[in-house]
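All values below were derived from every heavy atom in this structure, side-chain atoms included, with hydrogens, water molecules and symmetry-related copies excluded.
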Amino acid sequence: QVQLVESGGGLVQAGGSLRLSCAASGRTFSSLALGWFRQAPGKDREFVAHIRRSGGSTYHADSVKGRFTISRDNAKNTVYLQMNSLEPEDTAVYYCAVWTIGVSSGAPDYWGQGTQVTVSS
């Protein structure tokens, strides 16, 4: 069992920045692949970014590439999502996610409770 606690959401003006954090417990953190998803009102949940357990290679969705950066701190058992140049279209509930085997295994195994990000124009 993995527990995830997200923080860092809020209200920001367009062009601003936020950093989301997700603290994980219950498993050896370095063995986990981690990611972020988001869900806007009336839309399906969509992938934002992931970071692998081995080597920490990352992948970002085209919609956020160049603006968002996922990173991890294994010493703090925390994964981050740095969001810059935010746009109103980035408004959504953001979810932290964990794969216990790897990102290629399919859907994440565990989800956080979500944190709201609202970008005003």
Check your understanding: What residues form a side-chain hydrogen bond (donor to acceptor under 3.5 Å, both in side chains) with Asn84, not counting sequence neighbours?
Key -> Ser17, Gln82
Review point. Would one find more than 12 heavy atoms of other residues, nucleotides or ligands at under 6.0 Å from atom CD1 of Ile101?
Key: no
Practice item. Look at the side chain of Glu6 and the backbone N and O of Gln113, then say whether any donor-acceptor pair between them is shorter than 3.5 Å. Key: yes
**Study point:** Any pair counted as ring-ring contact (aromatic ring centres under 6.0 Å, His included), so long as it reaches residues 101-120, sequence neighbours left out
**Key:** Phe37-Trp111
Point to revise | Side-chain (Arg53) to main-chain (Leu34) donor-acceptor, under 3.5 angstrom | key: no
Study note, to complete from the structure: CD1 (Ile51) and CG (Leu32) are apart, to the nearest 0.5 Å, by 12.0 Å
**Study point:** Partner residues of Gln3 under the side-chain hydrogen bond (donor to acceptor under 3.5 Å, both in side chains) criterion, sequence neighbours left out
**Key:** Ser25
Review point. Are Val64 and Val103 connected in a single hydrophobic cluster, I mean Ile/Leu/Val/Met/Phe/Trp/Tyr linked by side-chain heavy atoms less than 4.5 Å apart?
Key: no
Check your understanding: Looking at residues at least two apart in the chain, or sitting in another chain, which of them share a side chain to side chain contact (heavy atoms under 4.5 Å, CB included) with Asp90?
Key -> Arg38, Arg67, Phe68, Leu86, Glu87, Tyr94, Val119
Check your understanding: Considering residues at least two apart in sequence or located in another chain, which fulfil the salt bridge (Lys or Arg N to Asp or Glu O under 4.0 Å) criterion with Lys65?
Key -> Asp62
Point to revise | Test side chain to side chain contact (heavy atoms under 4.5 Å, CB included) applied to Ser104 - qualifying residues, sequence neighbours left out | key: Arg52
Practice item. Could I get the full list of side-chain hydrogen bond (donor to acceptor under 3.5 Å, both in side chains) partners for Asp44, not counting sequence neighbours? Key: none
Revision key, fill the gap. Of all heavy-atom pairs linking Pro88 and Ala14, the shortest is CD-CB, 4.1 Å
Point to revise | Passing candidate, side chain to side chain contact (heavy atoms under 4.5 Å, CB included) with Thr115, options Val93, Leu81, Leu20, Leu18 | key: Leu20
Point to revise | Residue pair Gly106 / Trp99: nearest heavy atoms and the distance that separates them | key: O-NE1, 2.7 Å
Revision key, fill the gap. Nearest heavy-atom contact between Ser71 and Val79 is O-CG2, 3.1 Å
Check your understanding: Among all residues two or more places apart in sequence or in another chain, which pass the side-chain hydrogen bond (donor to acceptor under 3.5 Å, both in side chains) test with Thr118?
Key -> Gln116
Practice item. Under the ring pair (Phe, Tyr, Trp, His ring centres under 6.0 Å) rule, collect the residues that match up with His60, sequence neighbours excluded. Key: none
Point to revise | Shortest non-hydrogen contact from Gly35 toward Ile70 | key: CA-CD1, 4.0 Å
Point to revise | ring-ring contact (aromatic ring centres under 6.0 Å, His included) pairs, two or more places apart, involving residues 6-33 | key: none
